[in-house]
Visitor: 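One structure is given below, represented as structure tokens, and several questions about it will come after.
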Amino acid sequence: MPELPEVETVCRGLEGPLVGQQLTKVTQRRDKLRWPLPDNFAQRLQGRTIQRLYRRAKYILADLDDGWVWMTHLGMSGRMFIHDGLAPDPGKHDHVLLETDGGHTVVYQDHRRFGMMDLVPADALYKHRLLQDLGPEPLGNEFNGVVLSDALQGRRTPIKSALLDQKIVAGLGNIYVCEALFHTGISPRRLAASVAGKRAERLVPAIRDVLTKAIAKGGSTLRDYVQASGELGYFQHEFTVYGREGEPCIRCGQPIKRLVQAGRSTFFCAKCQR
DNA sequence: CGCGCTCCCTGGCCGC
DNA sequence: TGCGGCCAGGGAGCGC
């Protein structure tokens, strides 16, 4: 489901119901999502107060009052629902339920179960195997043309694949990579190494721009995604290439093409992107 | 080491 | 309506 803008939106939506609240009851209805949940997961979360909620790449992180961090990745289909009071009877894909002393219930639902949750000591958070190799946050100060250019230097993979690599820049997924490449006029097939330099300088503001605009619209809703509030995202109406195979390019009118790179669909305009 | 492919799951949709 | 095939926003792990 979710790339950076969707995860950011979910994270913001969870702040009200969770931050400063104690988890009075935590229910775990499965042993594993993508991987096994940690031992005694629900027991260890129950009774804790959430002090801060934030995002790194596509991970939602919650500082607890006992020095541990609750870590969640939504995978492809993970969703967070907020209910006033108790949740209705859980469905078969509702895997974790959290009741707070503020009177809300947050339900984690994930029908494909590609998501994950873990508990990590705060002082070693970024040593977690899933966080330790992440590249810079694309909306942060540490991401700029020089940094991106250096990361692409010498890479023989297509730029599309390189931008999906979370070690190069963290948080982009299939949609926003396609969109950013279109806005920059760079072919997804171009080797990453040839984007180093001037093209990398142009890519950085395009990536920032598309992510910022998507966050402002509450992310993109294709199939599953809804904000924690239950609202849909609206950025999908602004897609220029993603999911538009055969439809006219908004710039030149040529039909948008689809190709498969590293097993994922890429959408692009063969005329505007070189 | 760096790359692409397969696989982990379920469900929606399309064509027959 | 049913069924098979294909597709899906992620990304670890493996083989080359």
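Quick caveat: nothing in here was measured; it's all calculated off a predicted structure. To find a chain, count down the sequence lines: A is the first, B the second, and so on, and within it residues start at 1.
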Visitor: What's the gap between C/dG11 and B/dC1 when it is taken at their P atoms, as a whole Å value?
Guide: 22 Å

Visitor: With the threshold set at 4.0 Å, does a side-chain nitrogen-carboxylate oxygen contact exist between A/Lys217 and A/Glu238?
Guide: yes

Visitor: Starting the side chain at C-beta, find the nucleotide from C/dG11, B/dC3, C/dC7 nearest to A/Arg156.
Guide: B/dC3

Visitor: Under 4.0 Å, counting only non-hydrogen atoms across every strand here, what does A/Leu164 touch: a base, just sugar-phosphate, or nothing?
Guide: nothing

Visitor: Any base atoms under 4.0 Å from A/Gln166, or only sugar-phosphate, or nothing? Heavy atoms, all strands.
Guide: sugar-phosphate

Visitor: Produce the list of close N/O pairs, under 3.5 Å, pairing protein atoms with atoms of nucleotides 6-9 of chain B; give distances to one decimal.
Guide:
from	atom 1	to	atom 2	distance (Å)
B/dC9	O3'	A/Arg113	NH2	3.3
B/dC9	O2	A/Arg112	NE	3.0

Visitor: Nearest 0.5 angstrom please: A/Leu14 CG to A/Gln21 CD, how far?
Guide: 12.5 Å

Visitor: Take atom CZ of A/Arg264 and atom C1' of B/dC5, then tell me their distance rounded to the nearest Å.
Guide: 13 Å

Visitor: Give the nucleotide from the list B/dC3, C/dG13, C/dG10 with an atom nearest to the side chain of A/Glu3.
Guide: C/dG10

Visitor: Can you measure from CD1 (A/Ile159) to OG1 (A/Thr184) and round to the nearest 0.5 angstrom?
Guide: 9.0 Å

Visitor: If the cut-off is 4.0 Å, is A/His73 near the phosphate of C/dG11, judged by side-chain N/O to OP1 or OP2?
Guide: yes

Visitor: Check each of A/Arg129, A/His128, A/His73 against A/Asp118 using the side chain to side chain donor-acceptor pair (under 3.5 Å) test, and report the only one that passes.
Guide: A/His128

Visitor: C/dA12, B/dC3, C/dA8: which one has an atom nearest the side-chain heavy atoms of A/Ser265?
Guide: C/dA8

Visitor: To the nearest angstrom, how far is A/Arg189 atom CZ from B/dG4 atom P?
Guide: 14 Å

Visitor: Expressed as a whole number of angstroms, how long is the span from A/Arg55:CZ to C/dG10:C1'?
Guide: 15 Å

Visitor: Can you list, by residue number, the residues of residues 88-96 of chain A that have a non-hydrogen atom closer than 4.0 angstrom to DNA chain B?
Guide: A/Lys92, A/His93

Visitor: In Å, rounded to the nearest 0.5 Å, how long is the span from CZ of A/Arg79 to CD of A/Glu6?
Guide: 13.0 Å

Visitor: From CG of A/Leu33 over to P of C/dG11, roughly how many Å is that when rounded to an integer?
Guide: 15 Å

Visitor: Are OP1 or OP2 of C/dG11 and a side-chain N or O of A/Lys58 less than 4.0 angstrom apart?
Guide: yes

Visitor: Can you tell me how far P of B/dC1 sits from CG of A/Asp165, to the nearest Å?
Guide: 15 Å

Visitor: Can a donor-acceptor pair be found, under 3.5 Å and without considering hydrogens, that links the side chain of A/Gln254 to the backbone of A/Cys269?
Guide: no

Visitor: Any Lys/Arg nitrogen of A/Asp66 or A/Arg48 sitting under 4.0 Å from an Asp/Glu carboxylate oxygen of the other?
Guide: yes

Visitor: CE of A/Met71 versus P of C/dG10: gap in Å, rounded?
Guide: 16 Å

Visitor: Donor-acceptor check, side chain of A/Gln22 to backbone of A/Gly47, threshold 3.5 angstrom: yes or no?
Guide: yes

Visitor: Counting only N and O atoms by type, is there a donor-acceptor contact under 3.5 Å from the side chain of A/Glu179 to the main-chain atoms of A/Thr240?
Guide: yes

Visitor: It should be established whether A/Thr157 places a side-chain nitrogen or oxygen under 4.0 Å from OP1 or OP2 of nucleotide B/dG4.
Guide: yes

Visitor: In what stems does DNA chain B take part, counting only runs of at least 3 consecutive Watson-Crick or G-U pairs whose two distances fall under 3.5 Å?
Guide: B:2-8 with C:10-16, B:10-16 with C:2-8

Visitor: Please give, in whole Å, the distance from C/dC7 P to A/Leu259 CG?
Guide: 13 Å

Visitor: Salt bridge or not for A/Glu137 and A/Arg55, using N-O below 4.0 Å?
Guide: yes

Visitor: Taking NZ from A/Lys167 and C1' from C/dG11, how many angstroms apart are they, rounded to a whole number?
Guide: 9 Å

Visitor: Is the ring pair A/Tyr108/A/His95 parallel, tilted or perpendicular, if the boundaries are 30 and 60 degrees?
Guide: tilted

Visitor: With rounding to the closest Å, how many angstrom separate the P atoms on B/dG11 and C/dA12?
Guide: 25 Å

Visitor: Taking A/Arg202 for its side chain and A/Ala206 for its backbone only, find out whether a donor-acceptor pair lies under 3.5 Å.
Guide: no

Visitor: Take atom P in C/dC6 and the same atom in B/dT6, then report the distance between them in whole Å.
Guide: 14 Å

Visitor: Using modelled atom types only, decide if a donor and an acceptor are shared between the side chain of A/Thr24 and the backbone of A/Glu99 within a distance under 3.5 Å.
Guide: yes

Visitor: Roughly how many Å apart are B/dC9 and C/dC3, using the P atom of each and rounding to a whole number?
Guide: 24 Å

